[in-house]
Amino acid sequence: MTAAATTSHLIDVRAEFPLLARRFDDKPLVYLDSANTSQKPESVLVAMDEFARTTYAPINRSAYRLAAEATDVYEGARASVARFVNARDANEIVFTKNATESLNLVARAWGEDNLHEGDVVVLTHMEHHANIVPWHQLAAARGIELRWVPLTDDGELDLSGLDALLDGAKVFSFTALSNVLGTITPVRHLVDAAHTAGALAVVDACQHVPHGPTDVQGWDADFVAFSSHKMCGPSGIGALWGRAELLDATPPFLGGGNMISDVRLDGFTPAPVPAKFEAGTPPIIEAAGFAAAVDFLEGIGMDNVRRHEMTLTDYALTTLDERFGDRIRIHGPRNIEHRAGVLSFEFDDLHPHDVSQILDADNVCVRAGHHCAKPLMRLLGVTATARASLYLYNDIADVDALGDALERAGDYFAL
Amino acid sequence: MPGLDDLYREIILDHYRSPRNRGELPTPPARLAVGHNPLCGDEVTVYVDVENGTVADVKVSGQGCSISQSSASMMTQAVKGRSIDEVQSMVARFKSMLSIGEPPPPRSTSSNGDRDGGAATTSASSPGGEAGDVSGDGSELGDLEALRGVVKFPVRIKCATLAWNTLVEAIDAPIPT
Ligand SMILES: Cc1ncc(COP(=O)(O)O)c(C=O)c1O
């Protein structure tokens, strides 16, 4: 593929991210760890700063105008996020700390209310620990059974036995996009299979929402979890989308202020959704930033983000293969339609720690580790991988810098 | 930023490429312990055969990065033939070189001297317990000195100490039956 052929779909927003101007050793930063967490554009930083300087106040509890304005911003953020994932109603968005808390909310609040000994929860071999451990905890507490959808050699879900796995299941909880393999799963198909089996469909969309158009109604899912910090927003806030009637029927998760409509000596009455699930003072400034991140991404268009990343991913897969041949093994599907810009790889038999250390000398930031997916690591037969992940602010030069740095790593450890 | 060459000294790369004492020992008579680095998933198994209070043989298996593998390799060379007391003091010195843990107990001169006894003779240690107190004596840490540069890369310290912590566990482990 020639550079000319690739660049037509690229967007150029790097300059809007102040941090990406940072230099180490007077060389530019090559940030390839967005699957871990993303950088923030100027507009998000300004939104939080301005809100904190001019409008910050408690939400929901006070009559003064400043508090009303702050509440409007907070609830406006809920509406923005709802629109972004095509929720039917803003109140179907519950603000949480992150996707991890969102998934815990489902497993604990819904799960403890609805699952009993012997009930089956189906997960997949490519889940993040955030979509495994809460179910393990529930399994230990409740005696539920966990079943696992296996993978194909190409790193996609092996759906050949799906119906049997789902037979009798109460929940099917799966990722929409693997943070290790980059695999994009067929969410609508999986949701339909879950519903056919009478199971709830829970989608971990933590990697999906930042990287492509997300339509929770189109998915027909029951719960969808994601985090602001992976989509150009601040850390400290995430979301759980749930179908309104499900959220209504689910008991509260954490207890405290804000989540009640009445507290008596002999008990309490929870507030209506979504406040019911937002105990305590929520991340207010972060909500302003989350909304600004959504505005920023909508301004670019998620179709354009996806196309940009497909182009860059294709360029990366092609050029890394050309440059290194058998010396590099990139995990996950080769079909660009089925994968995102998450590139976990083995290089020259080098340990991922050593790869990332040498790459860092060239300011190339990649994650080395198990990526919170140890069951998947075992399946791949590795303890860890190096992972380069692309986002909308990355460009061809970043991918080339990765290749150059890998070349140096190979030379450095040449046996 | 400290240079890569501070971390990847030639001797480290040599041990990484040709690790010494790799493999397993029959258990029993050897004991073993398995160590994990939760950060990167690395796993080493240390086999140690202790006879009459002395490390008669030691082997390491498992996988890890250049730092953990070379540290393990150098460790096996350093502890073989040493008394358990000497090994324990060496572990403390090694960790002190990496700026972690208690200051090392002073070097005991007799192979069976206990730590409290040794504490009376502090003259062997340089003031401050800094890494300097291991540099003068090649027979104590020898090649392991090369790992001193790891201090400048804090996330890698756990890699360097993995095999050592596992060795201590192996020595304390019951002999398998
Ligand atoms: C697929 C997936 N699910 C869940 C999470 C957890 O996200 P957070 O740490 O923001 O809660 C991550 C983060 O790495 C992820 O990649």
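Being a predicted model, the structure only gives us computed values, none of them experimental. The chains referred to below are lettered A, B, ... by the order of the sequence lines, with proteins before strands, and numbering in each begins at 1.
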(request) Below 4.5 Å from any heavy atom of chain B, which atoms of A:Tyr412 appear? Answer side chain, backbone, both or neither. (result) both

(message) Can you tell me which of A:Val355, A:Leu350, A:Thr383, A:Asp354 forms the most heavy-atom pairs within a distance under 4.5 Å of chain B?
(response) A:Asp354

(message) Just to verify, what does B:Asp49 make a salt bridge (charged side-chain N to carboxylate O under 4.0 Å, His left out) with, not counting sequence neighbours?
(response) none

(message) Please verify the inter-ring angle class for A:Phe324 with A:Phe347; under 30° counts as parallel, over 60° as perpendicular, anything in between as tilted.
(response) perpendicular

(request) Using non-hydrogen atoms and a 4.5 Å limit, figure out which bit of B:Asp14 sits close to chain A: side chain, backbone, both or neither. (result) neither

(request) Please examine the side chains of A:His353 and B:Ser68, heavy atoms only from C-beta on, and report whether any two atoms are closer than 4.5 Å. (result) no

(request) Would you check if A:Leu402 and A:Leu320 make a side-chain contact, meaning some heavy-atom pair closer than 4.5 Å? (result) yes

